[in-house]
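Input: a single structure, listed below in structure tokens.
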Protein chains: 2
Amino acid sequence: MNSEFPAAVHLLVYLAHSTSGSANSEELAENVGTHPARVRKMMRCLREQGWVGTREGIGGGYFLQAEPAAIRLADIYRASCCGGLRPKKPTGSPGSTCPVSSGISGAMDHYFGEAESRYLDYLDGVTVQDVLHRIVDPRPLP
Amino acid sequence: MNSEFPAAVHLLVYLAHSTSGSANSEELAENVGTHPARVRKMMRCLREQGWVGTREGIGGGYFLQAEPAAIRLADIYRASCCGGLRPKKPTGSPGSTCPVSSGISGAMDHYFGEAESRYLDYLDGVTVQDVLHRIVDPRPLP
DNA sequence: TTGAACTGTATAATTTATAATTACAGTTAG
DNA sequence: CTAACTGTAATTATAAATTATACAGTTCAA
């Protein structure tokens with residue numbers, strides 16, 4: 001897996017935590033530990049999902065447009081690196097006369113799909129708000 | 001994820017399917033679509049788990065030493081590429097004064113661990129024999 | 001007891017994937 | 001008009017994965 005998914009979560013959690021509610025690509029890049037251009041690129045994806053809004057020009061930047069409790073990690077995963085749990089290089093060769101060599105790839109696809117779906121079922125139950133709370137402990141309710 | 005896990009499954013399924021019950025690294029490499037030296041390297045891992053036996057020298061090669069129905073995909077995964085579902089590059093920086101930047105990595109580790117454990121729970125229910133049967137349909141029982 | 005057919009293992013070379021960097025056009029506020 | 005931003009594409013650098021090469025050790029059989 002590449003680091004797009006955790007970086008996307010980081011960006012959303014940061015915006016959810018920010019008091020001003022917005023940040024520009026330089027501030028975000030420094031916090032994540034990456035390059036502003038990469039932040040801007042990732043933000044396109046988050047904007048397309050309707051999770052963040054953008055303001056161009058002077059004083060511009062990014063801000064949350066959805067409730068942190070409504071943004072699920074499974075959806076961030078799907079938007080940022082879907083299929084990332086499978087190896088790029090398939091094993092075997094489709095044209096082989098050996099049923100194992102020609103069939104293994106399809107069989108593994110099936111198992112990878114099922115396993116990934118369990119992985120996502122779990123992430124479906126975790127929101128940006130949950131991640132933020134795990135980091136900055138919420139005050140225990142009275 | 002790299003392709004060690006599916007390749008390891010392929011090797012075991014191939015041996016389980018083989019009529020002679022054994023194969024050398026060249027035959028396996030051709031079937032998998034890789035290099036014999038890589039097969040030999042992967043075989044070390046499978047041998048250490050007790051799943052395959054080795055015979056060196058002339059006429060040598062590899063053979064199954066466990067029941068295909070007793071080899072679980074989750075164990076193959078653990079032996080071949082454990083941790084492969086996480087990104088290599090962590091987001092944020094541990095020393096930051098910002099709680100999000102310093103804490104996000106630990107939080108994500110937690111969620112990745114939980115999600116990966118669901119992934120493995122599923123693979124725990126699949127054996128080499130299941131994979132083989134999915135490829136070469138078992139005769140329907142009378 | 002020699003040689004051919006293997007495995008075991010290390011390491012170098014190559015390819016591919018990922019991330020960083022650069023560049024510049026477009027937008028906005030003042 | 002200009003400075004401070006985003007949007008986007010292209011390029012370069014770095015890291016990871018895979019392939020390839022090499023050779024020592026093992027085994028069998030003539």
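Excluded from the calculations below are hydrogen atoms, water molecules and symmetry mates; all remaining heavy atoms, backbone and side chain alike, are included. Below, read A as the first sequence line, B as the second, and so on, with proteins coming before strands; counting in each chain starts at 1.
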Practice problem: Return no unless some side-chain N or O of A:R47 is found under 4.0 Å from OP1 or OP2 of D:dT6. | Solution: no
Quiz item: Nearest to the side chain of A:E56 - D:dG7, C:dT7, C:dA20?
Solution: D:dG7
Practice problem: Return yes if a side-chain donor-acceptor contact under 3.5 Å exists between A:R86 and B:S3, otherwise no. | Solution: no
Quiz item: Which of the following nucleotides, D:dA3, D:dC28, D:dT8, is nearest to the side chain of B:I58?
Solution: D:dC28
Self-check item: Spacing of B:E48 atom CD relative to C:dT7 atom P, expressed in whole Å
Solution: 17 Å
Self-check item: Note, A:M42 side chain near A:E4 side chain (heavy atom, < 4.5 Å)
Solution: yes
Quiz item: Starting at the 5' end of DNA chain D and moving along, which residue's nearest nucleotide shows up first, B:G33 or A:N24?
Solution: A:N24
Exercise. Return the value, rounded to whole Å, for the distance between atom CZ of A:R38 and atom P of D:dA9.
Key: 17 Å
Quiz item: Do other residues, nucleotides or ligands put more than 12 heavy atoms under 6.0 Å from A:E67 CD?
Solution: no
Quiz item: Between the main-chain N or O of B:I76 and the side-chain N or O of B:S80, is there a donor-acceptor pair closer than 3.5 Å?
Solution: yes
Quiz prompt | Nearest-angstrom distance from the residue atom CD of B:E30 to P of D:dA20 | solution = 13 Å
Quiz prompt | Close side-chain approach of A:V131 to A:R134, heavy-atom, < 4.5 Å | solution = no
Self-check item: Interatomic distance, A:K41 NZ vs D:dT11 C1' [rounded to whole Å]
Solution: 13 Å
Quiz item: Checking only heavy atoms, does the side chain of A:R40 share a donor-acceptor pair with the base of D:dG7 at less than 3.5 Å?
Solution: yes
Quiz prompt | 5'-most by nearest nucleotide on DNA chain C - A:A37 or B:A23 | solution = B:A23
Quiz item: Atom CD of A:E27 to atom P of D:dT6: distance rounded to whole Å?
Solution: 10 Å
Practice problem: Could you check how far CG of A:L46 sits from C1' of D:dT6, rounded to whole Å? | Solution: 15 Å
Self-check item: Comparing A:G57 and A:E4 on DNA chain C - which has the more 5′ nearest nucleotide
Solution: A:E4
Self-check item: Which residue lies more 5' along DNA chain D, comparing A:E26 with B:M1 via nearest heavy atoms
Solution: A:E26
Exercise. Would you kindly give the OH-to-C1' distance between A:Y62 and C:dT27, to the nearest whole Å?
Key: 12 Å
Exercise. Whole angstrom is fine here: how far is it from CZ in B:R55 over to P in D:dA29?
Key: 11 Å
Quiz item: Side chain of A:S3: nearest nucleotide among C:dT9, C:dA19, D:dT8?
Solution: C:dA19
Quiz prompt | Under 4.0 angstrom between A:S25 side-chain N/O and D:dC5 OP1 or OP2 | solution = no
Quiz item: Between D:dA17, D:dT19, C:dA5, which nucleotide has the shortest distance from any of its atoms to the side chain of B:N2?
Solution: D:dA17
Quiz prompt | Nearest-nucleotide pick for B:H35, side chain only, options being C:dG8, C:dT9, D:dT19 | solution = D:dT19
Practice problem: Indicate the atoms forming the closest heavy-atom contact of A:S101 with A:S96, along with that distance. | Solution: CB-OG, 3.6 Å
Practice problem: Establish, with yes or no, whether the OP1 or OP2 oxygen of C:dA20 is under 4.0 angstrom from a side-chain nitrogen or oxygen of B:K89. | Solution: yes
